[in-house]
Amino acid sequence: MSVVTVQLGQCGNQIGPELFSTVYEDSTGAGRKTYQESSRERFFWETSDGVLVARSVLVDMEPKVISQAVAKASKSGKWRYGEKAHFCQKQGSGNNWANGYCVHGPRHKESVEDLVRREVERCDRLAGIFAMMSVAGGTGSGVGTFVTQCLRDMYPQAFILNHLTWPYGTGEVIVQNYNSVLTLSRLYQLSDALVVHENDTVHKICSRLMNIKHISIGDINKVIAHQLGSVLQPAYTGDSPSNYSRNPIGELLSSLVCHPEYKLLSLCNIPQMSHTSLAYSAYTWPGLLKHLRQMLIANARMEEGIDWKVCVPSSRGDSVRTGQMGFNRSLANLMILRGKDVSSADAGAFKDPALYVPWLPPDGTFSLWNSPVPFNGYEKSASLVSNSQSLLKPLDNMVRKAWNMFVSRAYMHQYTKFGISEDDFLDSFTTLEQIISSYSHL
Amino acid sequence: MTQSVVVQVGQCGNQVGCRFWDLALREHAHVNKKGIYDEALSSFFQNVDPRRSDGGGGGATGSRISGLRARAVLVDMEEGVLSEVLQGPLRQLFSTTQLISDVSGSGNNWAVGHHSYGSVYREQIVDQVRRAAEQCDCLQCFFIIHSMGGGTGSGLGTRVLKLLEDEFPEVCRLVTAVYPSAEDDVITSPYNSVLAMRELTEHADCVLPIENQSLVDIVSKIQHMAHTGKPGSVIKKDSTIISGQGGVAKTEKPFDAMNNIVANLLLNITSSARFEGSLNMDLNEIAMNLVPFPRLHYLVSSLTPLYTLADVNIPTRRLDQMFTDAFSKDHQLMRADPKHNLYLACALMLRGNVQLSDLRRNIERLRPTLSFVQWNTEGWKTGLCSVPPVGHTHSLLALANNTCVKPSFMELRERFVRLYRKKAHLHHYLGVDGMDVSGFSEALSSLTGLIDQYSQLDSTNTAPSQDPPRLNIAC
Ligand SMILES: Nc1nc2c(ncn2[C@@H]2O[C@H](COP(=O)(O)OP(=O)(O)OP(=O)(O)O)[C@@H](O)[C@H]2O)c(=O)[nH]1
Ligand SMILES: Nc1nc2c(ncn2[C@@H]2O[C@H](COP(=O)(O)OP(=O)(O)OP(=O)(O)O)[C@@H](O)[C@H]2O)c(=O)[nH]1
Ligand SMILES: [Mg+2]
Ligand SMILES: [Mg+2]
């Protein structure tokens, strides 16, 4: 089964190629024939003369980013984008969600739908649609939301997973919190789940773990691609314990999203380090899993600086107090282990019912996938996709800042100009306050 | 890729405009060595067959440059400056139809420029602008350049602004307005400036106010540096932001050094729309990010570094210095001190060899030293363009929407009131068809309203900031 990716806006079109390069490189090499076949089928199709083409549609409202992505992929000599798989216009959405959603989206609905339809029809079977974008600009967020809505209408049965890049807390776009609020509130109703990367977190991984001195956007994107690849590459799953799963997105969703009120997924991965240190490091599965578990309960997205004092509350009655002690409660977790001796790894500690809300059946809270193939140069690698309170704080910050601005009505004229009214904003705020409240009360 | 059209009006507008065209050519020649008419060039230039006078015949992007023509309309109501352009080194950039002129000028009278010439030349100007617009594939922005002190630039320039709003409501209007210094020799300059400001406040999307005094100060600072020549601090001559070296204009005219600063401002503000980068900042993002309320669209700009030292080893400390300087008083193109006033929003547009981490580090470092309005405490917009300006490895343009513009505006109002109270020179204005006293009082109250808006924002800053209560949802 295959995944069709839709890359939207600058961010989506810069992370997308990084993801395809990562999965390409990772599945190239000796001793991984079926893994490679499965990965290739998932992400690429092959032309009659044997060239691999990414199953991806590129959408932006300005040409510069897409032409760079297309050129870079061709230059790699390993894979490329489809010749007619991209759509761009001349002028971006100017960081204005309303411009993207109300003007550009509807205006180019058919062209984008045609491109996606072509890509979907090329798949023997569609595993799902993976839409990648930032929430802070105008195109990824606004056009991205609109396109997600169209795809939902076109493919009511298909799995739609959105990958969202959340902006640095200290902005690069001043209206980023407005755009984020408008995007998240709508996507929450349209998408099956939202996988989130925060630029702040990834930036820290680059500086503290990867030891990169001068961090570029490319470095950030490599880390994001690594983490996404570690989840999306072929693995043995609960439903498919001896063959690589043919339904990765469906199984991911059924493991993690048990209730439509909760669909924010965070992602972490260990170990992560510079290539030079990699050669000198040895890890054991118990050591890795011990760290990963503490990262989960203490809500650390990175293995450095984990608070080891945070512990799992012994009884439910503690929850209010423990909430203050930084315990991160989960609804569901999916762990993916890759590499040497995976079958020896004991994931029992992640099954502890005290990690989870009491109202879900305990056998539905934790899932484990694995693959004996080492991932992306790491002898052992563990990833955790988590539906938990871990995004509550950044979400709350976003909504708080957007609300502060909204109270003064700053920048409203830029949105009303394109048909997004104060009431539309209020609806979005209401939706998000509801989500915040739901996650806070786990 | 999008295109922009420059409308330069009056002596100052045209002199600044010509420095822009010269330095823009220099910049593109530096980046584009193969002589191909590329996307970047197409943003301000058309490719034409020089043997044809109708401005057609050149190849599309990707073909060879056959002849470049500026996407511009040049307007002046006296002949001098424009006929110099037609005989000067840049003459090939313009066809005569792009030039609109009269004989005697507006005599430093806003009303003559705005009303008299405005009515006479209205059609002709709209026709020329429309022609320029039709030659664009996707017109994104009008750059309007004029002074505030004279009659043509301030009067007719702001009339053109209104025409553009009526005819092209979708296209962004960005005005570069050169404000007179207090010792300006045009006696009526306070009238002209205040009358023009009302139009700018009502009809522009963004205004970049430039004060001549600040330009003078920066020029003398650089010249001073260049002449001391202490060891280890030798300036690379062509790298200063006042230098036109490497351009086609060989002789230097009186305002050139000052105007080169403004030309560099325009080059940097458009760099991210012309060249690629890892965080693009398109022109329509400027107003979107920096203008929280429609009338408060005056952006104070600063350019750093002012020059590059001949010594090529650039330690990071010097990179950080570039950021620090961008916030210092003596690098602003207006006599204003953003650091000690209230920010509504701030943009950092970087060019060249600057990484994301350099940007993050400096924002973290500078943030505690600046005060931001309570509802926009993290009001930063950033852009990274990979192509640096000629002569530099990196550069920074900071744009601040900041209450620091207020003192200059108040000073201007005072100078206006001083004349107005005595009714000095008023009859020259009132004699012009279309102009009456209410024009003066309305312009004055528009300016006062603007000043009050800034004061109100300042006053929110003294109260201890507290988040407003959040939206309550019924659980
Ligand atoms: N991690 C990461 N973040 C990016 C990248 N490019 C942009 N961003 C983030 O995305 C946000 C800006 O949105 P963009 O994706 O650039 O905007 P866009 O979707 O192209 O929309 P417009 O340019 O407004 O039309 C900011 O938060 C950036 O930090 C990237 O390559 N990687
Ligand atoms: N920075 C700069 N300022 C200029 C230049 N030329 C004139 N000025 C200033 O502009 C103001 C005078 O306006 P001008 O642009 O000369 O006048 P005009 O628009 O041609 O109008 P009239 O001559 O009255 O028809 C004064 O404040 C001058 O100091 C220039 O090339 N550069
Ligand atoms: Mg963009
Ligand atoms: Mg003149």
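As the structure is a computational prediction, the values presented were derived from the model and not from experiment. Every chain is numbered from 1 and lettered A, B, ... according to where its sequence line falls, protein lines coming before strand lines.
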For [X], which atoms come within 4.5 Å of any heavy atom of chain B: side chain, backbone, both, or neither?
| X | answer |
| --- | --- |
| A:V175 | both |
| A:Q10 | side chain |
| A:Y178 | neither |
| A:L432 | neither |
| A:Q176 | neither |
| A:I220 | side chain |
| A:E62 | side chain |
| A:D396 | both |
| A:S93 | backbone |
| A:E172 | both |

Do [X] and [Y] get their side chains close enough for a donor-acceptor pair, meaning under 3.5 Å?
| X | Y | value |
| --- | --- | --- |
| A:H86 | A:Y81 | no |
| A:T170 | B:W380 | no |
| A:N96 | A:K417 | no |
| B:D458 | B:T403 | yes |
| A:S180 | A:N177 | no |
| A:N13 | A:D60 | no |

### Message
As a quick check of understanding, evaluate ring pair (Phe, Tyr, Trp, His ring centres under 6.0 Å) for B:H28 and B:F275, giving each step before the final call.
### Response
CA-CA 10 Å; B:H28 282 285; B:F275 302 113; 5.4 Å; yes

So for [X], is it side chain, backbone, both, or neither that comes closer than 4.5 Å to the heavy atoms of chain A?
| X | value |
| --- | --- |
| B:L290 | both |
| B:E39 | neither |
| B:V291 | both |
| B:L279 | both |
| B:I363 | side chain |

### Task
With A:R186 as the cation and A:Y188 as the aromatic partner, state whether NZ or CZ is under 6.0 Å from the six-membered ring centre and within 45° of the axis.
no

### Message
Do B:V171 and B:L164 have side chains that approach each other closer than 4.5 Å (heavy atoms only, starting at C-beta)?
### Response
no

### Query
Which one of A:K393, A:R301, A:K204 satisfies the salt bridge (Lys or Arg N to Asp or Glu O under 4.0 Å) criterion with A:E198?
A:R301

Among [options], residue most engaged with chain A (heavy-atom pairs, under 4.5 Å):
| options | answer |
| --- | --- |
| B:P294, B:C138, B:A347, B:A287 | B:P294 |
| B:R367, B:M288, B:E378 | B:M288 |
| B:T377, B:T382, B:N289 | B:N289 |
| B:M1, B:Q3, B:R360, B:E276 | B:R360 |

What residue in [options] has the most heavy-atom pairs under 4.5 Å with chain B?
| options | result |
| --- | --- |
| A:P63, A:S216, A:S408 | A:S408 |
| A:V173, A:D219, A:I215 | A:I215 |
| A:G169, A:G94, A:C206, A:S438 | A:G94 |

### Query
Ring centres of A:F87 and A:H108 under 6.0 Å apart?
yes

#### Entry: Passing option when B:F293 is tested against B:Y454, B:W375, B:Y298 for ring pair (Phe, Tyr, Trp, His ring centres under 6.0 Å)
B:W375

### Residues B:N47, B:S42; criterion side chain to side chain contact (heavy atoms under 4.5 Å, CB included); working and verdict
CA-CA 8 Å; B:N47 195 22; B:S42 78; over 6 Å; no

